[in-house]
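Heavy atoms only: backbone and side chains are in, while hydrogens, waters and symmetry mates are out. Along the sequence shown, residues carry numbers from 1.
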Amino acid sequence: MVLTTPKQIKETDLPVPRYFEGQVLRQQATVSVSGYFYSVDLGPDVRPQHHYIGKDRRCTCGLGADCPAVNAVADYLCAGGERSPDVPSGYYPVVPQVCPVCGAQAYYVPGLTSHSRGAGWACSRGGKAHYWQAHINSWRQNLAENPWIFPPVLAPDGTVLYPGLKRDEIITESQPWPDDYNPDR
């Protein structure tokens, strides 16, 4: 059969594309929140069927930011879908695309992977030192944002029951002893 008019083309039953035909896949996609990622099921006719999109708008498949599952997540969020939780500072569920210290390419290093820090990685320019520097920067930022060892306790009426204790209020050996205090007495 030869198609000659646009009307015939619209009425023709065209097969669903088997691999990444943008809009068709976005309409058929099922999006849900899975940990720190969005899980996207593009249907059984697509390989790979399941995709995982991070908050950096990058898919874990080889297509990265060009994957149509990224657009499916954008549509899902625009329609009021549930947002995935924020990744804790200093935790890497997957290797970052670029080094957070210098912006160079990052790559996976299995020996640095940890339950508390996430995926281990190194920088193509700074090596493992940039991995540790990124974690130290994160720890410093967390300490600056939360100076309390024990936060203050307030009664429901606003009365201070306990004033709290900040990290910089702890006396260490590097600080001079208060007046009239001699630990040797």
Side-chain heavy atoms under 4.5 angstrom apart, residues restricted to Ile, Leu, Val, Met, Phe, Trp, Tyr: same cluster for Phe150 and Val153? yes
Measuring from Ser114:OG to His135:NE2, what's the distance to the nearest 0.5 Å? 7.5 Å
If you compare all heavy atoms of Arg58 against all heavy atoms of Val94, which two are closest, and at what distance to 0.1 Å? NH2-CG2, 4.3 Å
Determine, using the 4.5 Å side-chain heavy-atom cutoff (strictly less than), whether Val70 and Val33 are members of one ILVMFWY cluster. yes
Taking every non-hydrogen atom, the tightest pair across Ala72 and Val40: CB-CG1, 4.3 Å
Could you tell me whether the side chain of Glu169 and the main chain of Lys166 form a donor-acceptor pair under 3.5 Å? yes
What is the minimum heavy-atom distance between Ala29 and Leu42, and which atoms define it? CB-CD2, 3.7 Å
State yes or no: do Tyr52 and Val73 share one hydrophobic cluster built from I, L, V, M, F, W and Y residues joined by side-chain heavy-atom distances below 4.5 Å, directly or via other members? no
Nearest heavy-atom contact between Cys59 and Ile53 is CB-CD1, 3.4 Å
Do side-chain atoms of Tyr76 reach the backbone of Glu82 as a donor and acceptor pair under 3.5 angstrom? yes
I'd like to check Pro152 versus Pro163 (side-chain heavy atoms, cut-off strictly below 4.5 Å). Are they in contact? no
Do Cys102 and His130 have side-chain heavy atoms sitting under 4.5 Å apart? yes
Gap separating the OG atom of Ser84 from the CG atom of Leu77, nearest 0.5 angstrom: 8.0 Å
Gln97 and Asp56: side chain donor to acceptor below 3.5 Å: no
For Ser39 and Ser34, indicate whether the former's side chain and the latter's backbone hold a donor-acceptor pair under 3.5 Å. no
Members besides Leu112 in its Ile/Leu/Val/Met/Phe/Trp/Tyr cluster (side-chain heavy atoms under 4.5 Å): Tyr92, Val95, Tyr107, Tyr108, Val109, Trp121, Tyr131, Trp132
For Pro93 and Ala119, which heavy atoms make the closest approach, and how far apart are they? O-CB, 4.1 Å
If I compare all heavy atoms of Cys61 with all of His51, which pair ends up nearest, and what's the gap? SG-ND1, 3.7 Å
Value for NE2 (His50) from OG1 (Thr30), rounded to nearest 0.5 Å, stands at 9.5 Å
